[in-house]
2 protein chains.
Amino acid sequence: MEEKSISDIIEEYLKQILGESSQIEIRRSEIANHFDVVPSQINYVIKTRFTIQHGYLVQSKRGGGGYIRIERVNLLDNVDVLNSLIQVIGDSIRERDAYDIVRTLYDEKVVTRREGDLMLVALSKQTLNVNDCNVEAQLRARILISMLNRLRYES
Amino acid sequence: MEEKSISDIIEEYLKQILGESSQIEIRRSEIANHFDVVPSQINYVIKTRFTIQHGYLVQSKRGGGGYIRIERVNLLDNVDVLNSLIQVIGDSIRERDAYDIVRTLYDEKVVTRREGDLMLVALSKQTLNVNDCNVEAQLRARILISMLNRLRYES
DNA sequence: TAAAATTTGGTCAAGATTAGTCAAGAATAA
DNA sequence: TTATTCTTGACTAATCTTGACCAAATTTTA
């Protein structure tokens, strides 16, 4: 609430720009310079906060005229996006990544908070409570994909 | 009953702040420092006095910019129904019985159609897909109970 | 045109910064 | 006394920050 990390601040900055147009192109060194951090911090922010689980697609190009492009996408509307999301989940997913996906659905108003919470408790480590972490992650993937498919058919 | 423990004092302090806004974010080390106790004492206070049974949700994040967030939620009055259902479930439940319970919740308007559907796919034999039927029934019980516990409060 | 130089972004691992767990011992209540 | 609750700290885990080194694309030079 008070002391945000610089990564949080950069995240907010990028999302604020993304609020105006659904797609932005940035120059890594410029952003890094603007917030007085090393360039690789921008990669960290993107890798942890702008994944497909969060509802973002990222492309980039190196060399002169290079850029990082961030695009906001809807998880369930676009078949390709949903397919890539399911591909990312694969047959196994960590609690944290599942949480990010449900949070995105909530942010996109695809599900209500109550619906999202019901999904979350079914995906939580505490509820699944399986000894083998791999088995747990596989089970979580099956539950999440089933729920996503259920939501897809409805919309 | 005479001498308040330091845990009681910390509890009061946090609840006083929660009286002003329904959600607070604290830094564990700051609170610990303020009351001159070890940081893990804050975990103890939270674990014993800010549970969902008491009407609080807690989330946290480690690392730089880390925090502990405490949110006060409104407990609902149909708790008795949920309690008795949880007792019926026990530590194991068949798919058919789980379906009946969800159906009851839907008929009683405790959950919407969509919420009920999301619950059902997470409880189905096909989704869980566990070899051992007993393990499957136990897992189903944990998921259903977690979901019922989520229905105890309003969002 | 081909090689070299320059200009971008990418990866990874070490160190720093926070919170979580657990169990032993102390204090309090029954 | 005995049981429960509280306090403490050593150890663990997650997240963030930084920088050295790598890779790709473009531009300049031979």
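Protein chains get the first letters and strands the later ones, always in sequence-line order, with residue 1 at the start of each.
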*asked:* Closest-nucleotide mapping onto DNA chain D: is A:V37 or B:V37 further toward the 5' terminus? I mean the 5' end.
replied: B:V37

*Please state how far atom NZ in A:K4 lies from atom C1' in C:dT17, giving the value in whole angstrom units.*
19 Å

*Report the relative orientation of the aromatic rings in B:F35 and B:Y13; use parallel for angles under 30°, tilted for 30 to 60°, perpendicular for over 60°.*
perpendicular

*A:E95 bridged to A:R140 by N-O distance under 4.0 Å*: no

*Nucleotide D:dT15, atom P - distance to CG of A:D97 in whole Å*: 10 Å

*Report the distance from atom CD of B:E11 to atom P of D:dC6, rounded to the nearest whole Å.*
9 Å

_Rounded to whole Å, please give me the gap between CG in A:D100 and C1' in D:dA14._
14 Å

*Taking the six-membered ring of B:F50 as reference, does the NZ or CZ atom of B:K15 fall below 6.0 Å from its centre and within a 45° cone about the axis?*
yes

*Polar side-chain atom of A:T104 near backbone of A:Q53 as donor-acceptor pair, under 3.5 Å*: yes

*Using a strict cut-off of less than 4.0 Å between a Lys/Arg side-chain nitrogen and an Asp/Glu carboxylate oxygen, indicate whether A:E115 and A:R150 qualify as a salt bridge.*
no

_Any salt bridge linking A:E11 with A:R49? Criterion: basic side-chain nitrogen under 4.0 Å from a carboxylate oxygen._
yes

*Nearest-Å distance, CD1 (B:I46) to P (C:dT21)?*
11 Å

*asked:* With a cut-off of less than 4.0 Å, is there a side-chain N or O of A:S60 near OP1 or OP2 of C:dT8?
replied: no

_Under 4.0 Å, counting only non-hydrogen atoms across every strand here, what does A:I42 touch: a base, just sugar-phosphate, or nothing?_
nothing

_On the six-membered ring of A:Y56, is A:R72 placed so that its NZ or CZ lies under 6.0 angstrom from the centre and within 45° of the ring axis?_
yes

*Measure distances between side-chain N and O atoms of B:S40 and base N and O atoms of D:dG9, and say whether any donor-acceptor pair falls under 3.5 Å.*
yes

*Check which hydrophobic residues are tied to B:V73 through side-chain heavy-atom contacts below 4.5 Å, counting indirect links as well, and list them.*
B:I52, B:L57, B:L75, B:Y153

*Reckon A:R49 touches a base, only the sugar-phosphate, or nothing at all at heavy-atom distances under 4.0 Å?*
sugar-phosphate

*DNA chain D: B:K61 or B:Q41, which has the more 5' nearest nucleotide?*
B:Q41

*Quick one: A:N33 CG to C:dG9 P, roughly how many Å, whole number?*
12 Å

*From D:dC6, D:dT18, D:dT17, pick the nucleotide closest to the side chain of A:S7?*
D:dT17

_For a quick check, tell me whether the side chain of A:R27 and the base of C:dG9 share a donor-acceptor pair closer than 3.5 Å._
no

_Just to be sure I understand the rule, does B:T48 reach a base, reach only the sugar-phosphate, or reach nothing, if contact means heavy atoms closer than 4.0 Å?_
nothing

*Map A:K47 and B:V58 onto DNA chain C by nearest heavy atom, then report which one ends up closer to the 5' terminus.*
A:K47

Between protein and nucleotides 28-30 of chain D, what N or O pairs are separated by less than 3.5 Å?
none

*Using a strict cut-off of less than 4.0 Å between a Lys/Arg side-chain nitrogen and an Asp/Glu carboxylate oxygen, indicate whether B:D107 and B:R103 qualify as a salt bridge.*
yes

*List in numerical order all residues of residues 62-70 of chain A for which some heavy atom is under 4.0 Å away from an atom belonging to DNA chain D.*
A:R62, A:G63, A:G64

*B:E30 CD to C:dT17 C1': how many Å, rounded?*
13 Å

*In whole angstrom, give the distance that lies between atom CG of A:D8 and atom P of C:dT17.*
17 Å

*Worked check of side chain to side chain contact (heavy atoms under 4.5 Å, CB included) between A:I145 and A:I93*: CA-CA 10 Å; A:I145 289 176; A:I93 185 173; over 6 Å; no

*Picking from D:dT7, D:dT15, C:dG9, which would you name as closest to the side chain of A:R28?*
C:dG9

